Amino acid sequence: MLEVTGLTKTYKQKSVVKNVSMYLNNGETVGLLGPNGAGKSTAINMIASLLMPTKGDVLLNGKSIMKNPADLRNILGVVPQEIALYEELSAEENLTFFARIHGLKKAELHERVNDVLDLIGLSDRRKDIVKTYSGGMKRRLNIGVALLHNPKLIIMDEPTVGIDPQSRNYILEAVKKLNEEKGITVLYTSHYMEEVEFLCDRIYIMDHGEIIASGTTEELKGILSSENTLVVKLERSSEEMVEELKNRADISSVKVKDTELTLIAPKNVNLFSLVIALSEKWQVAITSIELKNPTLEDVFLHLTGRVLRD
Ligand SMILES: Nc1ncnc2c1ncn2[C@@H]1O[C@H](COP(=O)(O)OP(=O)(O)OP(=O)(O)O)[C@@H](O)[C@H]1O
Ligand SMILES: [Mg+2]
């Protein structure tokens with residue numbers, strides 16, 4: 001459906017998106033996962049034809065959107081990272097306003113506004129002005145605006161940032177339903193790995209403007225299939241022990257959070273015996289030790305040496 005090739009954005013000689021290529025098949029949910037400042041918004045704004053690329057192209061069913069942006073805009077709904085609503089208007093009035101921009105009229109307009117209010121779970125609050133809504137309700141309405149013209153493709157830029165877990169679950173379930181029941185293709189941007197793992201058929205991991213890995217969750221975790229992750233809780237923190245672990249060439253990663261250490265090493269390294277030996281050497285008792293199944297967070301850590309979230 002959509003093919004992105006060599007997408008690049010350069011601001012004053014600094015490339016914030018570098019040679020990004022990706023594709024979306026019809027009916028797929030695709031995740032774009034990356035930390036703050038990775039270049040996610042810049043990339044998807046170019047894909048949505050809201051921002052001119054420095055280089056590269058976006059093809060919709062084989063045709064460049066640079067020449068035919070209207071083809072894409074007709075089938076695309078964009079949920080921006082920043083909430084764009086009229087605070088003094090009600091949900092119903094906001095939706096009616098945006099529906100008119102899409103050229104919807106009378107019965108059809110009324111029907112679409114009702115459908116969308118239902119979908120985002122705001123039918124009972126439709127008459128209340130947006131100013132009185134919670135953050136989660138505003139987010140839901142922001143998504144509703146993008147759905148008014150029955151898009152075939154939606155691009156969502158971190159639609160769950162800063163909201164309560166209940167609203168977040170509601171949004172995730174609603175997006176899943178849109179995909180499963182209406183066959184809408186979804187490009188979903190997030191820095192929460194659990195969200196893309198729950199929602200997405202395939203994931204692109206982005207860091208410093210570049211796609212550093214892509215595939216299904218299973219494929220991405222497969223990157224770590226040759227390694228083990230061990231989580232060790234200590235009775236107290238020990239700089240000496242951490243230092244010694246970090247200096248070892250056979251350990252690929254050491255992450256420290258208070259008294260908890262997360263170690264990644266090739267499967268042939270016996271992390272258990274090593275950790276026990278070091279705890280005896282430095283006189284630090286171990287309170288628990290656990291071999292973990294890899295998460296996407298671990299994949300990111302492995303690829304970049306950093307954690308996805310602070
Ligand atoms: N108009 C601009 N001019 C100069 N630099 C920009 C501009 N827009 C974005 N950038 C820079 O590009 C980088 C990527 O920003 P972008 O907003 O795409 O990241 P992001 O992955 O969406 O981050 P976040 O998770 O915080 O939304 C940042 O370093 C940002 O400062
Ligand atoms: Mg962003």
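These numbers come from a predicted model, not from an experiment. Whatever order the structure lists ligands and atoms in, that order sets their numbers, starting from 1. Position 1 is the first residue of the sequence, and the numbers go up from there.
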* Identify the protein heavy atom lying closest to atom 10 (N) of ligand 1, giving its residue, its atom name and the separation to 0.1 Å. => Tyr11 CE1, 4.0 Å
* Asked: Can the positive tip of Arg202 be found less than 6.0 Å from the middle of the six-membered ring of Tyr23, inside 45° of the ring normal?
  -> yes
* Structure fact -> The answer for which part of Glu158 has a heavy atom under 4.0 Å from ligand 1 is side chain
* Asked: Quick one: does Ala38 get an N or O within less than 3.5 Å of an N or O on ligand 1?
  -> yes
* Output yes if Gln81 passes the N/O/S-under-2.8 Å test against the Mg ion (ligand 2); output no otherwise. => yes
* Asked: Does a donor on one side chain sit under 3.5 Å from an acceptor on the other, for Glu158 and Thr189?
  -> no
* Asked: When you measure from atom 17 (O) of ligand 1 to every protein heavy atom, which one gives the shortest distance, and what is it?
  -> Ser41 CB, 3.8 Å
* Can Lys9 be said to touch ligand 1, with heavy atoms closer than 4.0 Å? -> no
* Give a yes or no on whether a salt bridge exists between Lys281 and Glu240, defined as a side-chain N under 4.0 angstrom from a carboxylate O. => no
* To do: Answer yes or no: does atom OH of Tyr86 have more than 12 heavy-atom neighbours from other residues, nucleotides or ligands under 6.0 Å?
  => no
* Structure fact -> In terms of its nearest heavy atom to atom 16 (P) of ligand 1, the top option of Thr42, Asp207, Asn45 is Thr42
* Do any N/O/S atoms of Thr42 come under 2.8 Å of the Mg ion (ligand 2)? -> no
* Think Arg306 forms a cation-pi with Phe300, using NZ or CZ under 6.0 Å from the six-ring centre and within 45 degrees of its axis? -> no
* To do: Looking only at distances, please establish whether an N/O atom of ligand 1 is found under 3.5 Å from an N/O atom of His191.
  => no
* Considering only the protein, which heavy-atom contact is closest to atom 11 (C) of ligand 1, and what is its distance? -> Val16 CG1, 3.7 Å
* Relative to atom 29 (O) of ligand 1, which among Met46, Lys14, Met206, His208 owns the nearest non-hydrogen atom? -> Lys14
* Asked: Does any N/O atom on Gly37 come nearer than 3.5 Å to any N/O atom on ligand 1?
  -> yes
* Can you find a side-chain donor-acceptor pair between Thr42 and Asn45 that sits under 3.5 Å? -> no
* Quick one: nearest non-hydrogen protein atom to atom 26 (O) of ligand 1, plus distance? -> Asn36 ND2, 3.1 Å
* Run the side-chain contact (heavy atoms from CB on, under 4.5 Å) check on Lys9 and Leu51 step by step: do they pass? -> CA-CA 9 Å; Lys9 186 73 189 178; Leu51 180 71; 4.2 Å; yes
* **Protein heavy atom at shortest distance from atom 19 (O) of ligand 1** => Gly39 N, 3.2 Å
* Does any N or O in the side chain of Asn68 come within less than 3.5 Å of the main-chain N or O of Asp71, such that one atom is a donor and the other an acceptor? -> no
* How are the rings of His102 and His149 set to each other: parallel, tilted or perpendicular (split at 30° and 60°)? -> parallel
* Would you say Gly34 contacts ligand 1, with heavy atoms under 4.0 Å as the rule? -> no
* Asked: Which of these, Val30, Leu72, Leu59, Asn26, sits in a side chain to side chain contact (heavy atoms under 4.5 Å, CB included) with Leu2?
  -> Leu72
* Same apolar cluster (I L V M F W Y, side chains within < 4.5 Å links), Leu141/Val116 -> yes
* **4.0 Å protein heavy-atom contact status of atom 5 (N) of ligand 1, strictly under** => yes
* Would you verify that at least one protein heavy atom lies under 4.0 Å from atom 14 (C) of ligand 1, or report that none does? => yes
